[in-house]
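Beneath this line is the structure, given in structure tokens, with notes to follow.
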Amino acid sequence: MEAAPQRAMNSFSKNLQISGADLMAALILIGLSALAVAQPSSHPSAAQSLSDTPEVHLARGHDDLNNHRYGQAEREFRAALALNPRLTVQARFPLAVVLFALQKHDEARKQFQAVLKETGNDPNVNYYLGRLDLEDGNLDSAIRNLTIAVSNPPFPDAAYYLGYAYFRKKDFNSAEKWLKRAATIAPTDARVFEHLGILYHATGREQDAQKAFVAAAKLRQQDIAASGESLDCGRSLDTQPLEQARKVCEQLLDPDNLSNLVSLGTLYGRHGDYSDAVEPFKLAAKLDPGSYEMQYNLGLTYFRLKRYADAIPPLRKAVALRPEIFEVNAPLGASLYVLGDDAAAYPVLDHANRLKPTNLDISRLLCTVALNLAQKSLEERKTAQARAYLLRAAEASPDDPEPHRRLAQVYESLGDNADAQRERSVAARLSSH
């Protein structure tokens, strides 16, 4: 798969109005300069001057870009611009793409806007500006930019991002239109079907939602199974020491390739190497921040590493996108509990328990949190609130005598002796078992 920054350059160059003579001259200059670097002149000063030209820096920058050496590419493109600030297309645009890849979004936006000022609207530039608008939550601007991008799409996922922008704006009809268009343009993009599923769920079309979620999961598994690099990585993790296997698996660590990142994180996770799974899942979550699956993968990996504070932000995002899934709610509630935030943990655990009341771990955890909050309420003389927490604790963990003991005390303090006696009897019976 061609990397996104390089696709940007290839597509952008197709839209440029550069004469054949100018292009040939540039290629000759790059060729001569590269030759001068490869075969240094016998005169050091001449070799140095030849290597410090815009053309040489451009050639090096594009080589670094092709090989994902973004930090080096940034330096080369900046050096080319310093020597010739008029290289808007040749240097400023790839610099902006590199800054985008490095997550330097404010500086990337400035560079893209400078390109746009000189070249006018171009689908390549508007695509990236639309992506940046989505990151910033500026949905109207994102829709304007992505609408321009999708008119002559430089990337197959332009329609996906436009549909996602409409979804976030809660314009579900437009979102469905563009997500369906994206499904025809990129039928193997799992993100499209995942967001169609989220949209259908949000609009009450559960049967359609489940079909879309199944399709997304199937595509994710196909990505992992079909990639030759994934197969090599999996075999290495099965048969070699981890240190050796990492060298094979690192070929999947392409910050522009969502499928490879998910594959790499998943393979590390399947082999219990959660520490190495963090980086690919983190990059995947940045590439597709609106995906509950990307956020869940990252949050669950942090949770398994007992990095609970790190787990909470991505898990919150995943729950916001898919509140009906028990497996997303459970680790978030548990993380909040471990960090001592019972008040925040309670509604999440309560919801998780209602989604799957047969899960004993969450039932017990909910009971513990409810008992803690009941005690705090009693200390604050909020008796009615304490009673509500205790009743929920008893419901979540019906075999535990402790909620009934405390309910007996609450009823007794309220002068309700009959209910107090009933709760004592229940507590005694459960204790005897």
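What you see is a predicted model; the values in this text were computed from it and never measured.
A donor-acceptor contact shorter than 3.5 Å is absent between the side chain of D63 and the backbone of A59. Using a distance-only test at 3.5 Å, with no hydrogens or angles considered, a donor-acceptor pair links the side chain of Q251 to the main chain of V248. With S141 contributing its side chain and N138 its backbone, the two residues share no donor-acceptor pair below 3.5 Å.
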Does the side-chain contact (heavy atoms from CB on, under 4.5 Å) test come out yes or no for V319 and I325, once each step is laid out?
CA-CA 8 Å; V319 166; I325 298 182; over 6 Å; no
Check the pair Y308, F303 against ring-ring contact (aromatic ring centres under 6.0 Å, His included), reporting the backbone distance first and the verdict last.
CA-CA 5 Å; Y308 301 113; F303 179 80; 5.6 Å; yes
Report the C-alpha separation of E76 and H62 in whole Å, then their side-chain angles, then the decisive distance to 0.1 Å, and conclude whether the side-chain contact (heavy atoms from CB on, under 4.5 Å) test is met.
CA-CA 9 Å; E76 296 294 346; H62 283 287; over 6 Å; no
Determine whether L349 and I362 satisfy the following criterion, side-chain contact (heavy atoms from CB on, under 4.5 Å), listing intermediate values before the conclusion.
CA-CA 7 Å; L349 292 170; I362 293 300; 4.0 Å; yes
side-chain contact (heavy atoms from CB on, under 4.5 Å) between Y302 and V278, worked out:
CA-CA 7 Å; Y302 280 135; V278 167; 3.7 Å; yes
Take F167 and F172 through the ring-ring contact (aromatic ring centres under 6.0 Å, His included) test and state the conclusion after the steps.
CA-CA 6 Å; F167 175 80; F172 295 136; 5.6 Å; yes
Show the numbers, then the answer: is there a salt bridge (Lys or Arg N to Asp or Glu O under 4.0 Å) between R60 and D64?
CA-CA 6 Å; R60 290 173 177 167; D64 291 329; over 6 Å; no
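Each of K317, E194, H195 was scored for a side chain to side chain donor-acceptor pair (under 3.5 Å) with S291, with one residue passing: E194. Of the options F77, F112, Y70, a side-chain contact (heavy atoms from CB on, under 4.5 Å) to V97 is made by F112 and by none of the others.
The ring of Y337 has its center no closer than 6.0 angstrom to the ring center of Y346.
Side-chain contact, R405 with S431: a donor N or O sits under 3.5 Å from an acceptor N or O. Side-chain contact of R392 with N353: a donor-acceptor pair under 3.5 Å is present, judged by distance alone. For N260 and D254, the side-chain atoms include no donor-acceptor pair closer than 3.5 Å. Side-chain atoms of Y296 and R322 form no donor-acceptor pair, as typed in the model, at a separation below 3.5 Å.
Classification of D136 and R109 as a salt-bridged pair holds, one side-chain N sitting under 4.0 Å from a carboxylate O. Of the charged side-chain nitrogens involved, none lies within less than 4.0 Å of a carboxylate oxygen, so that R235 and D238 do not count as a salt-bridged pair. The pair E107-R78 counts as a salt bridge, with a side-chain nitrogen and a carboxylate oxygen less than 4.0 angstrom apart. Between D342 and K376 there is no salt bridge, since none of the side-chain N atoms of the basic residue sits less than 4.0 Å from a carboxylate O of the acidic one.
In this structure, the side chains of R191 and Y160 come closer than 4.5 Å at one or more pairs of heavy atoms.
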